[in-house]
There are 2 protein chains.
Amino acid sequence: MTPPPSAKQKILDSALTIIRAKGYEATTVEDLCQAAGVTKGAFFHHFTSKEDLAVAAAEHWSGVTGELFRLAPYHRHDDPLDRVLGYLDFRKALIRGTLPEFTCLVGTMVQETFGTHPAIREASRKSLVGNAEALVQDIDLAKKKYAPGAAWTSRSLALHTQAVIQGAFILSKACDDPGVAMDTIDHLRRYLECCFKDPNNG
Amino acid sequence: MTPPPSAKQKILDSALTIIRAKGYEATTVEDLCQAAGVTKGAFFHHFTSKEDLAVAAAEHWSGVTGELFRLAPYHRHDDPLDRVLGYLDFRKALIRGTLPEFTCLVGTMVQETFGTHPAIREASRKSLVGNAEALVQDIDLAKKKYAPGAAWTSRSLALHTQAVIQGAFILSKACDDPGVAMDTIDHLRRYLECCFKDPNNG
DNA sequence: GACAACATACCAACCAGTTGGTATGTTGTG
DNA sequence: CACAACATACCAACTGGTTGGTATGTTGTC
């Protein structure tokens, strides 16, 4: 049924894991080849450079996570605010296992490469902003319903959710404790409830 | 009066700038030596390894930023909530110049090294948690005054502020736009106001 | 047989760390 | 004070292993 995974797919899948565990610079091409079970010839057949692989990995990440959120159950709620809060509950539920398993590839990469690899920065930006944009519509509907006069924009609040989630990962990494990320998402959820409770807030 | 800066100090100061711009792994020992105007011999006289330098740089960073916040004007407010909000205004005001100039050294380093360099992770944790702990007392006083029955702990909220600020930097790096970080700090400020407005919130 | 998908063998550049040395204090002692 | 013994701060040159990337096969398939 499913065709055997090609070398390209195996490299991309390995990249998600290894770069999240070691970072972009510390990950060598040979690390990726070994994890994928292919040779360097195969690697440079499919990618022109290590940077090219990182850009492709960011796009692969966008595809994987985009699909994950698109199919998630929180979209079933009738109320747009329930969908927004359900997104946060879903993000919190994803925090399990080891840190490299639940933290964000593009957040990790952009931290290292924003000043040195513009192509990776841009691919990371697209992924992060794409996640935010998937939220804007529901935030906008909830705003019209519950807080039409609020000072903040839906786009700004959507970007804020992504920033908080990224920050939660950094603190978790520093403390080597997934619980710190969960606590921060709890605070974020409380903020959103607050945003939609009183239209004069903000 | 002030003695000429020693090689060690020059290396540490250079490290703050260069590691923030390029990340830990991409920064070479020679990069640091060149920026500091010293030789590799001097480097390895003062630091046993590149990792050792990173730990020392994180501690240097803690000292520099700790002093900056300790001397900042927001402590003058009589009301503890004003001091907490004043801290956020101060953090926002620090966002100027280029990204490597205002983003956080330890947040950058821990992202790359949490799984590979435990000593750097621990030094980064101490710096981040230290920043949070400097806030806990004022948050606690404000909580007793304005929201004694709130569900959240002062420590958890203090850690949350640090997480949001770190996340703000990541989004700014991805978008190559300091304004994104400012917007996120505005949201954080609104959240804190909300936390202390109604003791039933949370 | 032409072309894509790989594998093998290899290289030049780079990089963390070493070596062997000099110059300038500092300290203990008669 | 004088002077030996030692420590600190620093430098220039070198090294051995690593790394991104290349050049050249080989193999399966249309």
Side-chain angles (χ1 to χ4, degrees), chain A residues 1-19 21-58 60 108-109 112-113 115-121 123, chain B residues 1-19 21-58 60 108-109 112-113 115-121 123:
Chain A
M1 289 298 146
T2 49
S6 67
K8 187 172 185 177
Q9 276 303 313
K10 286 190 289 183
I11 293 168
L12 284 171
D13 288 338
S14 302
L16 302 192
T17 303
I18 300 184
I19 297 179
K22 304 178 49 166
Y24 170 72
E25 291 289 349
T27 297
T28 70
V29 173
E30 276 179 358
D31 286 340
L32 296 168
C33 293
Q34 199 170 350
V38 303
T39 61
K40 266 165 94 162
F43 183 98
F44 284 101
H45 176 71
H46 292 289
F47 307 102
T48 64
S49 67
K50 186 184 165 186
E51 181 184 39
D52 184 43
L53 171 275
V55 171
H60 183 45
T108 302
M109 286 203 301
E112 298 183 68
T113 59
T116 50
H117 296 266
I120 301 177
R121 185 199 62 71
Chain B
M1 290 294 149
T2 49
S6 67
K8 187 172 184 177
Q9 276 302 314
K10 285 191 288 182
I11 293 168
L12 283 172
D13 287 337
S14 302
L16 303 192
T17 303
I18 300 186
I19 297 178
K22 303 178 48 166
Y24 170 72
E25 291 289 350
T27 297
T28 70
V29 173
E30 277 179 355
D31 285 340
L32 297 168
C33 294
Q34 199 170 349
V38 303
T39 62
K40 264 164 95 163
F43 183 97
F44 284 102
H45 174 72
H46 292 289
F47 307 102
T48 64
S49 65
K50 185 184 167 186
E51 182 184 39
D52 184 45
L53 171 276
V55 171
H60 184 44
T108 302
M109 287 203 300
E112 298 182 66
T113 60
T116 50
H117 297 264
I120 302 177
R121 185 198 61 72

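Letters go in sequence order (proteins before strands), and every chain restarts at 1.
- At whole-Å resolution of the value, NE2 in B:His45 and C1' in C:dA23 are 13 Å apart.
- Counting to the nearest Å, the P atom of D:dT8 and the CD atom of B:Gln9 are 18 Å from each other.
- Between the CG atom of A:Leu53 and the P atom of D:dT19 there is a distance of 15 Å, rounded to whole Å.
- The side chain of B:Ala7 approaches D:dC10 more closely than any other nucleotide in the set C:dC6, C:dG17, D:dC10.
- Under the Watson-Crick or G-U wobble criterion, with both distances below 3.5 Å, C:dT27 is paired with D:dA4.
- With sequence neighbours left out, B:Glu30 forms a salt bridge (Lys or Arg N to Asp or Glu O under 4.0 Å) with B:Lys40.
- For the pair B:Lys50 NZ and D:dT18 P, the interatomic distance rounds to 16 Å; values are reported in whole Å.
- The minimum heavy-atom distance linking B:Gly23 with B:Thr108 is given by the pair CA-CG2, 4.3 Å.
- Judged by distance alone, the side chains of A:Asp13 and A:His60 do bring a donor and an acceptor atom under 3.5 Å apart.
- With sequence neighbours excluded, the residues that form a side chain to side chain contact (heavy atoms under 4.5 Å, CB included) with A:Lys22 are A:Ile18, A:Ala26, A:Thr27, A:Asp31, B:Thr116.
- Remark: P of C:dA5 and NZ of A:Lys10 are 14 Å apart, rounded to the nearest angstrom.
- A straight line from NE2 of A:His46 to P of D:dG20 spans 18 Å, rounded to a whole angstrom.
- Both tests pass for A:Lys50 against the ring of A:Tyr24: distance under 6.0 Å to the centre and angle within 45° of the axis.
- Side-chain contact between B:Ile11 and B:Phe47 is present, with heavy atoms from C-beta onward closer than 4.5 Å.
- Listed in residue order, the members of residues 25-44 of chain A having a heavy atom less than 4.0 Å from DNA chain C are A:Val38, A:Thr39, A:Gly41, A:Ala42.
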